[in-house]
Each structure stands twice: as C-alpha cells, then as structure tokens.
Amino acid sequence: MKQFIAALPKVELHLHIEGTLEPELMFALAKRNGISLPYADVAALATAYDFHNLQSFLDLYYQGAAVLQTEQDFFDLTWAYLVRCHEQHVVHTEVFFDPQTHLVRGIDMGTVVGGITAALDKAEQQWGISSCLILCFLRHLSEADALATLEAAIPYLDKIQGVGLDSSEVGNPPSKFVQVFARARALGLKAVAHAGEEGPASYIWEALDQLQVCRVDHGVRSTDDPRLIARLAEEQIPLTVCPLSNTRLKVFDQMADHSILRLLDQDVCVTVNSDDPAYFGGYMQENFEALAKDLKASKEQLRQLALNGVQASWMPSLRKKRLI
Ligand code: ADE
Ligand code: ZN
C-alpha cells in the first residue's frame, strides 16, 4: 500500500507554509537571526507539540513563525517543503501564507512573497512541480486589518492567485470578512476559506454564500447538516480535508472516527492534505497512509481522493487532463 500511495500523483490544496517549519529548521533560523527560543533543544520543542484543540496549536505556530525574518528564510522554508513534495510525488501544490504574522513584526510583503515564490519557481523549473499562492487573512484580527493587508499585496498580485481565511475559527465567522473578500474577488483573486473545522456547519454556508468561496478548507462539520451535504455533492464544491491535523487537534478523537470516507461515499469532492505537516506528524504520503491503515481505505478510494485533488485544483485544464 505504501508503494501504491507513493506512486500516486498527488496534489496538495491545503498547506500553510509556516506550518512546514520543522523543529530543526526553526532552531537553525533562530541561530542565524540571533533569536532565542523558549526551548532548550529540538527534543524539548517536539514534546510541546501535544495539542488539545486548534488554539493550543496556533499559539505555538505563531511563536515558531517569529524565526522567519529574511527573504532567504522564506526561501529555505519553502524549499524544504518542496523537497518533500518531490520525494512524495506531489505534482502540484497550492500554498497558503499568513502575511499578517510577518507584517506585524516589521517584515514587508515583498520579503515574504519574494522568498516563497523564488522557491516555487525553482521547483517548477527543476522538477515540474506547479503551484499557486494563496494569501490568508487571520480571522482573529479585524476586517480593517485584512483590508490593509490586501492593499499591501497589490504590487505582488501577479504572484498570488487567491485569498483564504484561517486562524481561530469559533467566534470569527466568515460573515466578518464579506467586504475584504468582495474586494479580493474584484481584484481577480479566487477565494477559499477555512470553515467547519471547529466551527459549526453554518460557517460553511456563510463561506459559500457570503464569501463566494470555490472550495472549503476542512469542512468536516458539514456532516452535522444533511442539506449542506446535499449541496456540496450537487455543486461538487471541494472540501480540503486534513486527516492527521484533525486527529492531532482533536476534531476527531481518533482516525478511525474520521468522516472522510463517509463524505466520499456521499459523493462529496473530498481531498487529502497535510495542513501543517511539521506540527502534525506527516506530509501527504503519511496522510494517505493513515487513511489506508486506520480507515482501511481501499486503493480505489485512495485513487479517487487523489483524483479529486486534481479536479479541485486551479491548475490549467490541459494539465488536469494529463493527470486524470
Ligand atoms: N493556521 C494554520 N493551520 C490552521 C488550521 N488548521 N486552522 C486554522 N488556521 C490555521
Ligand atoms: Zn489549515
């Protein structure tokens, strides 16, 4: 099964680049930038990765991102992730970044976008891995802050294909960001949003109807609402599901409880993704393997999940056809 998964051409649609910061690189960048981390070593840091919900993870994730300072840091971070993509036969990836995490520390948009896209371009040239870049707004901050962030990104829009919405979900519904998403769409950007990870199914409706997203990130709480499931299936609105993330953040107690195969059975376009692989114990290969091992997913189901990723992606239709 491992070999079967390794040989599948995989597409990743839900990946936070700051969530690919492995402990070793975090320490190396901290040293390079003269930053002290509140952990003695890599092993001490790794023991802190024991999360009980989304917020307990986000607190560590934002703390870790503080070691990212220069364009070279963003390049090195992104390149390390793309090496994993190459090793795991990920042929296309749509990468989230959280500019507000960096802007607030005095790092400019050009440094962040420049470093990330230099690595994405190199991976395309060297290995043919295609990619998109998605600017995420932090939903625990105000809509005014998100609007200012979008304005700061305008000089770089030739390198950014879409906007997203992430961070602390409960209490920060999609409806808080209607204006900034309307502005982003008017600028020609595509839209996605995290919804229904910890938040209720009503947030998924809001993301669809008020933000006009073309995909929902996570969306697993859709199973609480049969009308929503019917709509997702009817309109083939993709869900970017992240199995290892969901168990690490206790969205599901254990992988055996995960709803991804039930959603697949109900004809929802579910896809497999790694979210924040450095924090959740695995990249794409390990996420697929977990479904095979703990959910007893068949080869046919795994193949369908990988094909859904191709379908749900923003790659040109000719490239899609070659992969299907
Ligand atoms: N930022 C990084 N990972 C996230 C997740 N799983 N949910 C919300 N915001 C995030
Ligand atoms: Zn996410």
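Counting starts at 1 for both ligands and their atoms, in listed order.
Of all the heavy atoms of Glu197, the ones lying under 4.0 Å from any atom of ligand 1 belong exclusively to the side chain.
Note: Phe181 and Phe137 have perpendicular aromatic rings, judged against thresholds of 30 and 60 degrees for the angle between ring planes. The aromatic rings of His218 and His14 sit perpendicular to each other, their planes meeting at more than 60°, with 30° as the lower class boundary. Below 30°, between 30° and 60°, or above 60°: for Trp127 and Trp79 the angle between ring planes is below 30°, a parallel geometry.
Looking from atom 6 (N) of ligand 1 to the surrounding protein, the closest heavy atom is Asp275 OD2, 2.7 Å. Scanning the protein heavy atoms around atom 4 (C) of ligand 1, the nearest turns out to be His16 NE2, 3.6 Å. Scanning the protein for heavy atoms near atom 3 (N) of ligand 1, the closest one is Asp276 OD2, 2.6 Å.
Counting atoms of ligand 1 from 1 in the listed order, those under 4.0 Å from a heavy atom of Phe57 are 2 (C), 3 (N). Remark: ligand 1 atoms within the under-4.0 Å shell around heavy atoms of His218 are 6 (N).
For the pair Val11 and Met315, the tightest heavy-atom approach, listed with the atom from each and the gap, is CG2-CE, 3.7 Å.
Here salt bridge (Lys or Arg N to Asp or Glu O under 4.0 Å) pairs that include residues 301-324, with residues two or more places apart or in two chains, are Glu300-Arg303.
A salt bridge links Arg221 to Asp224: one of the charged nitrogens lies within less than 4.0 Å of a carboxylate oxygen. With respect to Asp73 and Arg32, a salt bridge is recorded, a charged nitrogen being found less than 4.0 Å from a carboxylate O. For the pair Glu94 and Arg215, the salt-bridge criterion is met [side-chain N within less than 4.0 Å of a carboxylate O]. Electrostatic pairing of Arg231 and Asp225 does not count as a salt bridge here, judged by no charged N lying under 4.0 Å from a carboxylate O.
Leu58 counts as a contact of ligand 1, since one of its heavy atoms falls under 4.0 Å from the ligand. Ligand 1 lies less than 4.0 angstrom from a heavy atom belonging to Ser167. For the pair Phe96 and ligand 1, no heavy-atom separation below 4.0 Å is found. Using a non-hydrogen distance threshold of 4.0 Å, Glu18 does not register as a contact of ligand 1.
Any protein N/O/S atom under 2.8 Å from the Zn ion (ligand 2) was counted, giving 4 altogether.
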- Which is it for Leu208 and Leu228 under the side chain to side chain contact (heavy atoms under 4.5 Å, CB included) test, yes or no, and what are the steps along the way? CA-CA 10 Å; Leu208 295 173; Leu228 178 56; 4.2 Å; yes
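Looking only at distances, no side-chain donor or acceptor of Asp294 sits under 3.5 Å from a matching main-chain atom of Ala256.
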